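Note sheet for the following structure.
Lettering of chains follows the sequences in order, A, B, ..., and the numbering in each one begins at 1. We use all heavy atoms of the structure for the numbers below, so side chains are in, but hydrogens, waters and symmetry mates are not. Quantities reported herein were computed from a predicted structural model and do not represent experimental measurements.
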Amino acid sequence: MTTKDIKLDHVSIRFGAFTAVDNAHLTIKGGEFFSFLGPSGCGKTTLLRCVSGFTEPSEGTVSIGGKDMRGVGPNKRPTALIFQNLALFPLMSVAENIAFPLEVRGVGRKERRKKADELLDMIALPGVGDKKVHELSGGQRQRVAIARALAVEPDILLLDEPLSALDLKLRHHMRTELRAIQQRVGLTFIYITHDQGEALTMSDRIAVMNAGVIEQIGDPETIYNKPKTAFVASFVGETNAISGKVTSQSDGIVSVQTPLGVLKGTAAGGRHYKAGDECFVFVRPEQLGLVGAPGAIQSMDNQLTVQAVKEEFEGNARHLFLNAQGQDLRLSRTNLGGVSDHLAGQAVQVGFAADQAIVLPHGSLAGA
Amino acid sequence: MNRQTGGGPLAVGYALLFFAFLFGPLIIMVITAFNSSSFPRVTPWECFTTEWFGVLFGNGRLMNGLLNSVVIGIGVVLIAVPIGLAGALALSELGPKLRAALYTVLITPILVPGVVLGISTIVFWGALGRSVGAGYDSMFFNGMFLTLIGQVTFIAAYAMLVFIARLQRFDPTLTEAALDLGATPGQAFVKILLPFLAPAIGSAAFLTLLASFENYNTTVFTIMADSTFTTALASKVRLGTDPSLSALAVIIIGITLIGAIVNEAWTRRAEALRSGCAARSAVYGNPALAVIVHPATVLVLLLGLVGYLAWSGTQHDAGVCKQQILDEKLARQEQLLEEQRQRIRDQKAAEEATGTVTKPASPSAFGGAFNGLAPSPAAPATPATPKAPSAFGGAFNNLAPKTD
């Protein structure tokens, strides 16, 4: 199977005065599992519809395998889209659904059925071909939708939040499944999601989008550990954002004056700050530690005295909600099987290392 | 039944009254179709007859109208359903503002009185015909054509309403999915949207056929010199009614009943098959019974029954009975006339005896002309009766005693 690169060359999509996608410029390599991650309404679905041919870009060009796709309809593009609601045809049986792309290409009935059965074997659902779509469970429908899209033999599979309708367990299972299918068939997957867990676990690379703008493109670890903007830092994963002003910078370490005192963090991406720059210090809850607790580090670059407000138990982790000078903080500890130390209501000492805190310029935060 | 759920004699009585109100007229009409009395009535019962069916089928104008109605009805279905579908599709594609405007335009013909539509149709096409110099034998003055056009103008809107309701439940991403999977827009329409709309197409076709068939207001103008079933029927009723109309009602009720029964068999079978309990049920699990309750079998059986009834109806001859009734009437008439003559003779004798003029026994405005008929328990007038050639088919004969 040939793999084709997808090139978005300064693509903007506008609906009237509203800009849904603003100057998207990137190349998705053939065979890659590429995710667009962003909150709802950030333009990621519009971008996907643009790649699949339902929307033409207002500016810029989309090319697949070096071929400009302008004016090429969705039925002529080497893409197959898996819709958010799957869009399985309710009046057809499962096999008819899967064989639909072959039917419209004039393939004979017998051969269609054979191909449908092959694909059903591939998605590990043999023998359901004669069932109606509504007789299948959510996860089975999901896989049928994938099989139907694969019947097109596309170069690129586009997935629009296909897991959002499934329950948590199934969602986690389907993540592994999707990744496995992608590696088996070797197609380019472009995956749209607002769930950072899905994006992080499955993708080769992720593009984080906010309000039509691609904020950062990178592999999952880079996106999580080295966010380039305040939005990416706050949207991908849990984090504590502490607002402040830069006082000084020496090498990569920045000192920031915050309501909690002067905090030290790493300047992301070798950035240089001037004194007085508005900025955020981001610390992940798991990087925040209790000082003086048994087994914990006894001294850290940044130490704070805060009030523990309440504690939450989430099975694999304990979350401690803290407050200091009106600033809410969150601290997560892996559950190692101990009992709660009932910190709620007490004053505790917490701290974090300077190289685990990231200092980023002021910008919009996710969900803020 | 318990009182909490609204039982009790009052509720039962009300229900019976309600059903009597619904079905009473139909039942009486069916009975009148088989009474040989020339006016549709149940009492006095004269003879069981099937001759009114013959009269019905022998009515050339009505039968010709029926043929016209069927032709126009099929034409209207073939034109109005696609137009309605196109209108509904256009509406579903538009933005909200334009949609409201177009909806109003498309729905207007339903709101305009049928009379206005009928007149404007003949005026418009007449003017158009004259402007292109077409003669009166051209299609611009052809009743069938004008009726077809006139009916389509508003019946297409009915079809559109049916399609709009169905399209509101259509998920447009299905069409997008079909396109994305390589279908051309035409294929997406034929393979995805049309199968989804199939039930709506069926009901729209049925609705438009009925609307065309029963339409009077518009048709009575546009049909010109021709007539449809409805207009022929209306003019027949205006000129006086006879039980052949009841015979027609019997036929229509029969067709409706057969349709309803077959449909019910169909629905039950589909329901049993869908729920998957067909194999376990006593009826559908039994191979012989399963065949018998199959809708096709039900239809064949019912048609066979109707065929047999029709055949035995043609074999029935009410002639003897009718002759008997006629003889009875004549005898009764003769007897009454004789009594009257006797009275007159007695009066004359009395006058001669007393020498004074006494008033007649009945101060009738008709000079006692109807006195002889008055006590008659049976209507004396049948078409075969030479004595009372009433323009009303003897309809008012039984009112006669009131003049007494």
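The stretch residues 181-193 of chain B places L181(B), G182(B), A183(B), T184(B), P185(B), Q187(B), K191(B), I192(B) near chain A, each with some heavy atom under 4.5 Å from a heavy atom of that chain.
Contact of L158(A) with chain B is not made at all, since no heavy-atom distance falls under 4.5 Å. Proximity to chain B (any heavy atom under 4.5 Å) is restricted, for R49(A), to the side chain, taken from C-beta onward. For L91(A), the part lying near chain B is the side chain, with the backbone staying farther off; criterion is any non-hydrogen pair under 4.5 Å. Contacts of D171(B) with chain A are made by side-chain atoms alone, with heavy-atom separations under 4.5 Å and no backbone atom involved.
For the pair R112(A) and F100(A), the cation-pi criterion (under 6.0 Å, within 45° of the ring axis) is not fulfilled.
Of all the heavy atoms in L88(A) and R141(A), the pair that sits closest is CD1-O, 3.7 Å. The two atoms that bring G114(B) and T218(B) nearest to each other are O-OG1, 3.0 Å, heavy atoms only.
Put simply, CZ on R70(A) and OG1 on T61(A) are 7.5 Å apart, with the number rounded to the nearest 0.5 Å.
The closest donor-acceptor contact from the side chain of E214(B) to the backbone of A211(B) lies at 3.5 Å or more, if one exists at all. At distances below 3.5 Å, at least one donor-acceptor pair connects side-chain atoms of T230(B) with backbone N or O atoms of F213(B).
Classification of R268(B) and E264(B) as a salt-bridged pair holds, one side-chain N sitting under 4.0 Å from a carboxylate O.
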(Q) Show, in sequence, the C-alpha distance, side-chain angles and deciding distance for F189(A) and F34(A), and conclude whether the ring pair (Phe, Tyr, Trp, His ring centres under 6.0 Å) test is met. (A) CA-CA 6 Å; F189(A) 272 40; F34(A) 193 94; over 10 Å; no
